[in-house]
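Data first, discussion second: the structure below is written as structure tokens.
Chain letters run A, B, ... following the sequence lines, proteins first and then strands; every chain starts at 1.
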Amino acid sequence: MPELPEVQTIVSELKNEIVGKKIAEVNYNLPKMVVGDIKKIIGAKIASVSRRAKIIIVKLGGGLNLLFHLKMTGQLIYLPAGKDKTKVGERINKYTHVIFKLSDGSRLLFNDLRQFGWVKIFGTEDLKKAINKEKYGPEPLSKEFTLAKFQQMLAQKPNAKIKPLLMDQSFIAGIGNIYSDEILYFAKVHPLKKVKDLNQKDIEKIYEGILKILRAAILAKGTSIDTYRRTTGEKGTYALKRQVYQRKGLPCYHCQGKVQTVKIGGRTAHFCPGCQK
DNA sequence: TATATTGTTACACC
DNA sequence: TGGTGTAACAATAT
């Protein structure tokens, strides 16, 4: 699942490849994944690539912007010009739904197995409105996200369960199922614990976990357990470092007890009952 | 062949 | 209003 570290990896890699190039052609086969008048972007120059929460923002010349959301299974794959045909065949497949051809003959592929992802075309003013409408919480790796700020945020939500709260994009932006499980394991806090039952040490460890784990995952280029891939098509390596996510029934690396799952709001949380109280 | 899974969102309901 | 609960989305594994 692309969460903050995966989206950040894609943004960083894409920036190096596509900024300064022009969009020569766009082809797509699933209209529901493309929102807005895509033809308007033909000929536009790519000015920058950035991120807010899990959204990728590609700023174009002429006051236009492309926004991508990869949801669970979306991929953005960059194919340099003149790539050999076997590689191209692997990466352009039945899940390739949008292809952007760039001025130098390279291509950007938008692949999505479950087709929940989208790309939207926005003018700059509408872009601001659209992002404000989402009411995103602070970026966890920004300067404004201090321990004091986090404590103040938690104080507003005494009755919330900690795991769904960490995944709430209007509370903090960018954390999903994988990293909320890993952060709570790091902090030794049970995913169903209510905010008002956290002590000061719990809060400090959760805060520390958010920063440490997201940073480590960015360094590892993300977690490729399922379909997430870097723009090169390669896997991120954080899956090798994870402690609990998708390790149900396997021994906890700390206490050797078995990792368990519990349903929270219809979703699966992974935790070690021995370590997380 | 039917069902569970998966993150996000839309929507009903209080 | 906000918070909660649930269905829907699509393809896959089992």
Whole-Å distance, A/Gln156 CD to C/dG3 P, equals 10 Å
Do the side-chain N or O atoms of A/Lys32 get closer than 4.0 angstrom to the phosphate oxygens (OP1, OP2) of C/dA10? yes
Looking at A/Glu13 and A/Arg230, is any side-chain nitrogen of the basic one under 4.0 Å from a carboxylate oxygen of the acidic one? yes
CD1 of A/Ile264 versus P of B/dT6: gap in Å, rounded? 13 Å
Spacing of A/Met167 atom CE relative to B/dT8 atom P, expressed in whole Å: 6 Å
Do the side-chain N or O atoms of A/Lys157 get closer than 4.0 angstrom to the phosphate oxygens (OP1, OP2) of C/dG2? no
5'-most by nearest nucleotide on DNA chain C - A/Gly265 or A/Lys94: A/Gly265
Between A/Tyr78 and A/Ser106, does any side-chain donor sit less than 3.5 Å from a side-chain acceptor? yes
If I take atom CD1 in residue A/Ile175 and atom P in nucleotide B/dT8, what distance separates them, rounded to the nearest angstrom? 11 Å
Assess the pair A/Phe100 and A/Phe110: is the distance between their ring centroids shorter than 6.0 Å? no
Can you check whether A/Thr268 has a side-chain N or O nearer than 4.0 Å to OP1 or OP2 of B/dT5? no
Write down the distance between CG (A/Asp226) and P (B/dT6), rounded to a whole number of angstrom. 10 Å
Would you say A/Ser103 and A/Lys21 are linked by a side-chain donor-acceptor pair, where the criterion is simply a distance under 3.5 Å? no
Cut-off 3.5 Å, side chains only: do A/Lys120 and A/Asn65 have a donor facing an acceptor? no
A/Asn177, nearest nucleotide to its side chain (from B/dG7, B/dT6, B/dT8): B/dG7
Among A/Ile210, A/Ile213, A/Asp168, which one satisfies side chain to side chain contact (heavy atoms under 4.5 Å, CB included) with A/Ile175? A/Ile210
Between A/Gln260 and A/Lys248, do the side chains contain an N or O donor and an N or O acceptor separated by less than 3.5 Å? no
Rounded to the Å, how far apart are A/His270 NE2 and B/dT6 P? 6 Å
Tell me which residues in residues 111-123 of chain A put a heavy atom below 4.0 Å from DNA chain C, sorted by number, or none. A/Leu113, A/Arg114, A/Gln115, A/Phe116
For A/Lys71 and C/dA10, what is the distance between atoms NZ and C1' respectively, to the nearest whole Å? 12 Å
Whole Å only: how far is the NZ atom of A/Lys135 from the P atom of C/dG3? 11 Å
